[in-house]
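The block underneath contains the structure these notes are about, expressed in structure tokens.
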Amino acid sequence: MSKRVFLSPIDTHFGRVLFRSLKQQQYDIYAGSRADQSDFKPNSVQKWASLANREALTAAVMECDVIIYDIVEKLEEASFVIEMLSTQRLHEDKTFIALSSVMTWAQTPKKEPEPADEEGQPPKLPPLTEEDLRKRRPHPLYREVLQVERLVARKNRGRLHTAVLTLGLLYGEGEDVLHSYFKQAWEGIPPALPIFGDGSSKVAMVHVRDAATVVDLAIATPLQEPVVLVVEPSPYTQTQIVKVRATLWKSLETRSPYPLQAISQHLGTGEVRQASVDEQLLHAGPTVALLTSDVNVVSRTLAEGGELAAMADKWYCPSFLEGLPSKVIPEYKLERGLTALRLMVTGPPGAGRSTLAARLAAHYKINHVNVKDVVERYRAMAPPPRIAPAEDSAESAEPPAKSLQEEGFVLDGYPRNLQDCQALFAAEKTGEDDQAQPDDGPVTAAAPTKHDPTLLPEQVVVLEATDEFIKLRLMHLPETQVAGTHNTEEGIARRLATYRQQNTADNEMTSYFSERDVHPIPVDASALTEERVQQLISTIGKPHNYGPTAEELAAERRRKEQEEAAQREAAEAEVRRAEEADRAEKQRRHQIEAERLSEIQRQEAAILAERSKPLRKYLMDLVMPTLTKGLLEVAKVRPADPIDYLAEYLFKHTPDEDTEGAPFAPK
């Protein structure tokens with residue numbers, strides 16, 4: 001039955017490397033992560049547990065034979081687990097491995113170096129002793145970590161075996177702490193790498209694979225040493241890591257003279273600069289502490305005669321600078337997907353080839369190589385042979401420039417025909433290629449000529465356009481873009497004739513790529529819209545480079561926000577304009593309607609006044625005098641029944657008694 005191993009956290013840089021190592025050993029893995037929403041959740045992990053559920057965590061740990069905790073990342077949880085294990089009645093052996101940092105040794109008194117055994121070798125530091133272990137003093141940021149280390153060491157009794165592995169600065173497998181240096185050197189923005197402090201501090205380092213090997217050894221056999229330093233035999237200074245060639249000494253592996261180059265020379269321009277005060281404040285924390293604390297220590301456990309002396313035959317990368325070109329940088333490029341993307345845009349002249357090539361180069365952050373400088377740039381594609389400098393020139397040697405194979409490129413307008421392809425992409429001939437073929441034997445079809453895989457494009461975009469479209473397109477170009485070029489009416493006619501003559505159906509350039517499994521992507525130049533460009537980018541695939549930087553993402557986000565704000569403002573302005581126009585129209589209509597009604601009322605009043613004149617005269621002459629007097633009499637007397645009283649009054653005071661019934665008499 002395979003061992004069960006609990007690993008927490010699994011989603012750190014070293015946690016992922018250690019997980020892969022444990023899986024190779026066929027262990028059953030239980031795990032914890034730094035956060036519940038971790039993006040690293042391997043399906044092969046059998047159980048997940050964390051301090052959020054202490055009962056489940058206790059149950060998971062008790063099922064495991066080996067418990068591995070990164071106590072820098074999981075300080076509280078590791079303390080809980082080791083205390084819990086120490087109070088349990090264990091019926092079988094358990095191993096608790098605490099992964100710590102060499103920074104718990106950072107302020108320990110330095111030991112004086114001893115003379116080198118061989119001439120030309122640097123002075124040797126003596127291994128640390130038990131007395132050094134008792135006297136060690138941590139960096140201020142790691143005081144609590146040291147307390148947990150001591151707690152773990154005290155619990156080493158009975159069936160509970162404990163080990164504390166203090167790891168140097170971890171590097172390799174894509175980088176973690178040193179990633180900012182690698183990324184900046186790769187992108188060259190800014191070109192000079194920062195040096196924190198005076199750069200003379202020694203940095204104890206170890207490759208993540210070697211650290212994982214030490215963990216495997218600690219799992220296989222319980223260690224007697226309470227605390228094990230896991231560092232390379234010879235530390236380098238920060239300046240040696242970042243800036244210059246280290247002093248020439250014999251290789252740890254071959255024992256022969258070996259010129260060592262730093263990160264800035266292998267990946268960048270070789271330039272460095274003193275980090276500003278703002279940068280030092282911004283990066284104040286574990287990363288800068290590891291680079292500036294001058295931890296110059298040698299592990300006695302891994303040294304000859306030590307408990308893990310077998311590690312001498314298991315080192316994957318015993319020296320950072322020696323392994324940088326052959327192991328560390330290839331791992332970095334592989335893990336980060338930094339492979340060169342090789343593209344080519346071809347098609348008839350004047351079809352928009354250079355515009356599309358420039359767009360692709362900007363999107364993929366690779367070189368745009370057009371026909372005007374292709375010859376000069378082609379010479380630069382093959383880096384010149386390196387000549388080992390003399391010892392006295394090690395500091396001043398210039399780093400080799402990156403080749404186009406390393407950075408990637410978009411070829412624009414060259415090669416122009418099949419013969420150009422055969423000349424440009426052909427592989428260098430070897431002795432086997434020059435051997436004569438036998439005269440006898442069956443005749444077979446000719447195989448495609450060998451090509452240089454570092455130069456042959458991975459994707460070929462072929463713009464297709466008719467002569468009429470090209471001439472019409474060039475006619476609409478601004479005069480400033482046409483002046484001084486071959487895109488005049490006579491020039492484009494001549495160039496198109498040459499292109500069509502050189503790229504016939506029997507001698508087509510695209511056949512060269514098809515024979516080599518590079519299938520051209522046809523694009524209609526007359527329908528090259530933004531949507532079609534995005535489809536083309538999707539067909540080519542993701543960039544083989546870093547994505548946008550934080551600043552670029554912020555700038556793009558601000559640009560989109562500004563565009564969206566402008567669109568919203570324009571839409572709101574349009575709504576306001578429409579509302580105002582609607583309001584004005586309604587007011588205009590209301591005013592017209594009001595004027596019409598007013599005119600109608602005026603006319604009706606005039607008609608009514610005209611029609612009421614006879615009636616008014618009749619009433620005023622015959623009715624109103626008597627009626628008015630009657631009303632005044634009613635008001636004066638105030639009878640109980642005023643209506644009856646008024647009626648009686650009107651009968652009595654009729655102006656003409658003889659005509660009393662005249663108004664009601666028939667005519």
Does the side chain of [Y] come within less than 4.5 Å of [X]'s, by heavy atoms?
X: Phe320; Y: Val206; value: no
X: Ile67; Y: Leu7; value: no
X: Val102; Y: Leu229; value: yes
X: Leu193; Y: Glu271; value: no
X: Asp65; Y: Thr95; value: no
X: Ile263; Y: Val328; value: no
X: Val203; Y: Thr237; value: no
X: Leu338; Y: Trp186; value: yes

Donor-acceptor contact present, side-chain [X] to main-chain [Y], <3.5 Å:
X: Thr213; Y: Arg209; value: yes
X: Lys94; Y: Met62; value: yes
X: Asp11; Y: Arg34; value: yes
X: Ser100; Y: Thr166; value: no
X: Ser201; Y: Thr292; value: yes
X: Tyr332; Y: Phe182; value: yes
X: Thr108; Y: Arg137; value: yes
X: His13; Y: Gly172; value: yes
X: Thr239; Y: Gly199; value: yes
X: Asp176; Y: Leu170; value: no

Can you name the nearest heavy-atom pair linking [X] to [Y], along with the distance?
X: Asp70; Y: Pro9; answer: CB-CD, 3.6 Å
X: Val66; Y: Ile68; answer: CG1-CG1, 3.9 Å
X: Arg273; Y: Ala192; answer: NE-O, 3.1 Å
X: Tyr316; Y: Asp210; answer: N-OD1, 2.5 Å
X: Ile71; Y: Ala98; answer: CG2-CB, 3.8 Å
X: Ser293; Y: His139; answer: OG-CD2, 3.5 Å

>> Let's go through Leu22 and Leu18 carefully: what are the C-alpha distance in whole Å and the side-chain angles of both, what is the deciding distance for side-chain contact (heavy atoms from CB on, under 4.5 Å) to 0.1 Å, and is it a yes or a no?
In response: CA-CA 6 Å; Leu22 295 173; Leu18 193 53; 4.3 Å; yes

Any side-chain donor paired with an acceptor under 3.5 Å for [X] and [Y]?
X: Glu77; Y: Ser50; result: no
X: His544; Y: Thr339; result: yes
X: Asp216; Y: Ser21; result: yes
X: Tyr236; Y: Ser319; result: yes

Are there more than 12 heavy atoms of other residues, nucleotides or ligands under 6.0 Å from atom [atom1] of [X]?
X: Lys542; atom1: NZ; answer: no
X: Gln274; atom1: CD; answer: yes
X: Glu63; atom1: CD; answer: yes
X: Lys333; atom1: NZ; answer: yes

>> Show, in sequence, the C-alpha distance, side-chain angles and deciding distance for Ser44 and Phe19, and conclude whether the side-chain contact (heavy atoms from CB on, under 4.5 Å) test is met.
In response: CA-CA 10 Å; Ser44 55; Phe19 167 72; 3.2 Å; yes

>> As a test of understanding, state which of Phe96, Tyr30, Tyr69 forms a ring-ring contact (aromatic ring centres under 6.0 Å, His included) with Phe6.
In response: Tyr69

Should [X] and [Y] count as an ion pair when the cut-off is N to O under 4.0 Å?
X: Arg16; Y: Glu173; value: no
X: Lys327; Y: Glu331; value: no
X: Glu149; Y: Arg136; value: yes
X: Arg159; Y: Glu92; value: no
X: Glu83; Y: Lys155; value: yes

Atom [atom1] in [X], atom [atom2] in [Y]: separation rounded to 0.5 Å?
X: Ser299; Y: Leu308; atom1: OG; atom2: CG; answer: 7.5 Å
X: Thr104; Y: Arg150; atom1: OG1; atom2: CZ; answer: 9.0 Å
X: Ser264; Y: Gln184; atom1: OG; atom2: CD; answer: 10.5 Å
X: Leu146; Y: Ser101; atom1: CG; atom2: OG; answer: 11.0 Å
X: Ser200; Y: Gln240; atom1: OG; atom2: CD; answer: 10.5 Å
X: His161; Y: Ile97; atom1: NE2; atom2: CD1; answer: 11.5 Å

> Could you walk me through whether Ile195 and Gln238 pass the side-chain contact (heavy atoms from CB on, under 4.5 Å) check?
Replying inline: CA-CA 7 Å; Ile195 295 288; Gln238 182 192 169; 4.0 Å; yes

>> Determine whether Glu175 and Lys183 satisfy the following criterion, salt bridge (charged side-chain N to carboxylate O under 4.0 Å, His left out), listing intermediate values before the conclusion.
In response: CA-CA 10 Å; Glu175 301 312 316; Lys183 181 179 179 181; over 6 Å; no

>> Does Leu223 form a side-chain contact (heavy atoms from CB on, under 4.5 Å) with Leu165? I'd like the steps, not just the answer.
In response: CA-CA 10 Å; Leu223 299 177; Leu165 307 182; 4.2 Å; yes

> Do Lys41 and Trp48 meet the cation-pi criteria used here (NZ or CZ under 6.0 Å from the six-membered ring centre, within 45° of the axis)?
Replying inline: yes

> Is it the case that Arg4 places NZ or CZ above or below the six-membered ring of Tyr27, under 6.0 angstrom from the centre and within 45 degrees of the axis?
Replying inline: no

> In a check of side-chain hydrogen bond (donor to acceptor under 3.5 Å, both in side chains) between Asp28 and each of Lys47, Lys23, Gln46, which one passes?
Replying inline: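 Per the side-chain hydrogen bond (donor to acceptor under 3.5 Å, both in side chains) rule, the option paired with Asp28 is Gln46, out of Lys47, Lys23, Gln46.
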
> Are Tyr171 and His207 near enough that their ring centres are under 6.0 Å apart?
Replying inline: yes

